[in-house]
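Some notes on the structure that comes next.
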Amino acid sequence: MSRLAHILGSVAFGHLLLDPRLGQTLLASCLAVGGNGFYDDHLCALTFPQQAGQAFPLSLYQDERGTVTLMTGCLFDSADVARSLSVAADTPDTVLLARWITRRGAETLGKLAGDFALAHWSPADQRLLLAVAPLAGRLLYWHRDGTGCHFATTVALLQRIPTVPRTLDMLALTTRFAGRVGDLGRSVYQNIGQVPPGTLLDIRADGQRHVPLWQPESNQRIRLSSDQEYLEQADALLQQAVTRRLRQTRKPAFLASGGLDSTAMLTAALRLQPPVPVPVHSYTVVPPPGLSVTADRGWYADERPKIAALAADYPTLQTTLCHSSTPSAIETDPTLLFQTTGLPCSNACHLGWFSSAYQAMQKQGHDVALNAGMGNFSLSYDGFLCFYDLVRDGRPLTALRLSRQVARYQGKALLPFLRATLINPMIPRPLFYQLRRLRNRPPPLTAFNLLRQSWIEQVGVEDYLDAHDESLVQTLGTSSRQQCLYFLNEKRVLSLPSSMALEITYGLHLRDVFADRDLLEFCLAIPREQYILDGRPRSLIRRLLQDHAPDSIVNESLGGQQAVEWPHRLQPQRAAFADAVDSFADNQMLSEMLDLPRLRHLLDQWPEADKMPASNRLLYGFMVSNAIQMGRFVRWASGSNR
C-alpha cells in the first residue's frame, strides 16, 4: 500500500570515514520515529516515515554483498517487474529496484513505470547512484563536501547535516520567482544540487555525471489510418494511466473539477469497475454557499452543476463538495510549508484553496489522491500553437480554416486570435521585444511579478536563461510539441516542491494521471490537427468523452476558474501582508530584489473583496500574494524572525 518515506544518507569514499557522532545521532533520531536505518564507517542510510508513527513498506534493503538501496514512492507495475526478474510477486519494490539495477543496470531504470526516487550504494564499486523515475512527483537533493556526499528527499532533511550549506543561491531563487527554470539540476541553495525526474546521478570519488533515464522525442510521429483509431488508442492509454495510479493504494480519492481533464480521469476510473462495482470517491472545491462570486470573462465560476451532471450518469461516483470561507493555515503562515521542504512554495495562497479537499480526504482515510495536473499539455492540449505548426509544415490554408472555426467557437474576433496564434510566434525575438517596448509593456521577466529590473540585471538572470536556451517569452518561436515538453518537464519541476509540501502536510500520495510516459509520448507524436480537428480547442479529449460524459461538459466553451472567491480569501490577510512588507524593508536583499514601493502602493489601494475588479486577479491574486510569500521565504531562510 502507498506509504511514502523520506530518505537521508551520507557516504564516504575510499579511505575517508563518516563522523561517527553525527551518524549515531541521525540513526537514533530515525529509529525514534519508527524509521529504518543502517550505519557503518562509510555509509549512513536512513528512511523516515512521512509522518511520525505512520507505517510504511520496506524502504531500505541490504543484499548479501553489502549493497544498500533506499527508496520512496512505488512501482506501478510491480507484478510485471517481479515476473521479469523471476522473483516472487509480493517482493517489495525496494528489493525489485535493487535487483533490477544489479541485473539490468541503473541506466535502464527509465523503462520502469512508477513514481519513485532511490539511492543505491555499492561499497565494492565505491559508487553512489541517485535516481528519480521519469515524470515522478518528487526530487532528490545532494551535496558534496570533503568527507563524501550527502543526499535526501528534501532540503530540510538534508540540512540536518551541519556541513550542508544554508546560503541561498539568489540567481536560482530569482529565476524561480520569475517563473522560469534555467538549470534543472540547480536548487535555490548554493552547492546543493537536485536530481529531477527522469535523471540518474552517478557519483564516484573522482566526480559525478548525469545520465538521462528518459528523453521525450519531439520528432517522433505516429500516423494511424483514421481519426477513430487516434481516439481508441488515446482512450486505451488513458485507462492504462489511471489503472497504474490505482495500484498500491488502500483507499484512493480523486481531486476533480467539472472540466475536461478531471472528467476524463473520473470516467476512465468508472469504466474500469470490477464485476461488483465499488464507489469512486471524488472531491471538488467550490465557492462557499451564499457567497456571490463572478468569474472572469471566458470562464465559469462554479463546478457544482457539472459534477452533479456527471454523478447523475454514474451511480458509483460519490462526490464531496469542499469549501472554506477562511484562509487555510498554510496561507496565513507559509512557514509551515517552508519547514517541511526547506524550499519556497510558489503561490501558497492558491495551494491553500485546495486545503478543504485534502483535509476531507485525510478525514475519510484516503491514502492516495489522483489528480489531472498535466492534462492541459497532454490529452487536452488546446492546440493554439498547432496553427503555427501547420503553417510551418506547408499547410497555411488548413491553419486558416481551423483558426476561423476555433475563434468562432470561442467567440473571439478572428484578427486578434490570428495575431496571438500565428503572427506572434513568427516574429523574431529581438523585434518582438522592440515592439513590447514601443507599447510601453514591461520587460518579460517583470511582467508577472514584482521583481526589480535592476535586480534581474544585477544577478544575471537574462544571460543565465539564454545560456540554457530558455526563451524569456515561453510561447515565442516554439512549436506546439516544444511548448508541451517545456511545461511537462521544466515547468513541472518548479511545482514539485509545493506538491511535496502538500503530501507531507496532509499525509497523501499525490499522483498525476496525465504524468504518464506512454500517454505523453502518444500525445506528442500524433498529428497536431487532432487537437483542433472539428474547429474546437481540445478537440481530442472532447471527442474521446463524447460517449462518456454529459454534453454540458463536453461542449463547454468556457474554462472553470479555480479559487474564484480569491478576494474574500485574501482580504483577511491584508494587514498581515502590510506588516510583512514593513519587515522586508529591513532586509537589504529584499529591498533590492522586490519593488517594495509598488507593493506598498498596491496594498494601500487594495479594493474591498466585493468590489475587486475581475481584471485584478493577476495583480492581487497572484503577483502581490506571491511577492509576500517569496519575501517571507527569504526572511525565513536567512534566519530572520521579522
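Residue numbers count from 1 along this sequence.
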Exercise. Could you walk me through whether Arg244 and Asp518 pass the salt bridge (Lys or Arg N to Asp or Glu O under 4.0 Å) test, one step at a time?
Key: CA-CA 11 Å; Arg244 285 172 168 171; Asp518 295 332; 2.9 Å; yes
Self-check item: For Val132 against Leu213, the heavy-atom pair lying closest together
Solution: O-CD1, 3.7 Å
Practice problem: Take the angle between the ring planes of Phe633 and Phe338 and call it parallel below 30°, perpendicular above 60°, tilted in between. | Solution: perpendicular
Quiz item: So, are Glu107 and Arg209 salt-bridged, with charged N and O less than 4.0 Å apart?
Solution: yes
Quiz prompt | Presence of salt bridge, Arg65 and Asp63, under 4.0 angstrom | solution = yes
Practice problem: For a side-chain contact (heavy atoms from CB on, under 4.5 Å) with His150, tell me which candidate from Leu8, Ile161, Val11 qualifies. | Solution: Ile161
Quiz prompt | Verdict with reasoning, Thr505 to Tyr358, per side-chain hydrogen bond (donor to acceptor under 3.5 Å, both in side chains) | solution = CA-CA 9 Å; Thr505 301; Tyr358 290 134; over 6 Å; no
Practice problem: Looking only at non-hydrogen atoms, find the nearest pair between Leu109 and Leu97 and report the distance. | Solution: CD2-CD2, 3.9 Å
Quiz prompt | Polar side chain donor-acceptor pair, Thr67 to Tyr61, under 3.5 angstrom | solution = no
Quiz item: Is Arg180 salt-bridged to Glu490, going by a charged N under 4.0 Å from an acidic O?
Solution: no
Self-check item: Step-by-step side chain to side chain contact (heavy atoms under 4.5 Å, CB included) determination, Leu494 to Val181
Solution: CA-CA 7 Å; Leu494 296 187; Val181 183; 4.0 Å; yes
Practice problem: Check whether the side chains of Trp100 and Thr108 place a donor and an acceptor atom closer than 3.5 Å, and report yes or no. | Solution: yes
Quiz prompt | Ionic contact status for Asp367 with Lys251, cut-off 4.0 Å | solution = no
Quiz item: Trp214 and Glu521: side-chain donor and acceptor closer than 3.5 Å?
Solution: yes
Practice problem: Apply the side-chain contact (heavy atoms from CB on, under 4.5 Å) test between Thr153 and each candidate in Ile7, Leu158, Leu139; give the one that qualifies. | Solution: Ile7
Practice problem: Could you tell me whether Asp333 and Arg632 have a side-chain N and a carboxylate O separated by less than 4.0 Å? | Solution: no
Quiz item: Would Thr199 and His210 count as having a side-chain donor-acceptor pair, cut-off 3.5 Å?
Solution: no
Quiz prompt | Pairing of Asp512 and Arg245 as salt bridge, 4.0 angstrom limit | solution = no
Quiz item: Are the charged groups of Asp115 and Arg511 less than 4.0 angstrom apart, N to O?
Solution: no
Practice problem: Give a yes/no verdict on a cation-pi contact between Arg160 and Tyr141, requiring under 6.0 Å between NZ or CZ and the six-membered ring centre and an angle within 45° of the axis. | Solution: no
Quiz item: Quick one: are the ring centres of His366 and Tyr283 less than 6.0 Å apart?
Solution: yes
Quiz prompt | Gln248 side chain to Leu75 backbone, donor-acceptor under 3.5 Å | solution = yes
Self-check item: Met374 and Asp516: CA distance, side-chain angles, deciding distance, side chain to side chain contact (heavy atoms under 4.5 Å, CB included) verdict
Solution: CA-CA 9 Å; Met374 287 290 104; Asp516 183 89; over 6 Å; no
Self-check item: Exercise: do Ser356 and Gln359 side chains pair donor with acceptor under 3.5 Å
Solution: no
Quiz item: Is the Lys NZ or Arg CZ of Arg492 less than 6.0 Å from the centre of Tyr486's six-membered ring, within 45° of the axis?
Solution: no
Quiz item: What is the minimum heavy-atom distance between Ser262 and Ala256, and which atoms define it?
Solution: OG-CA, 3.5 Å
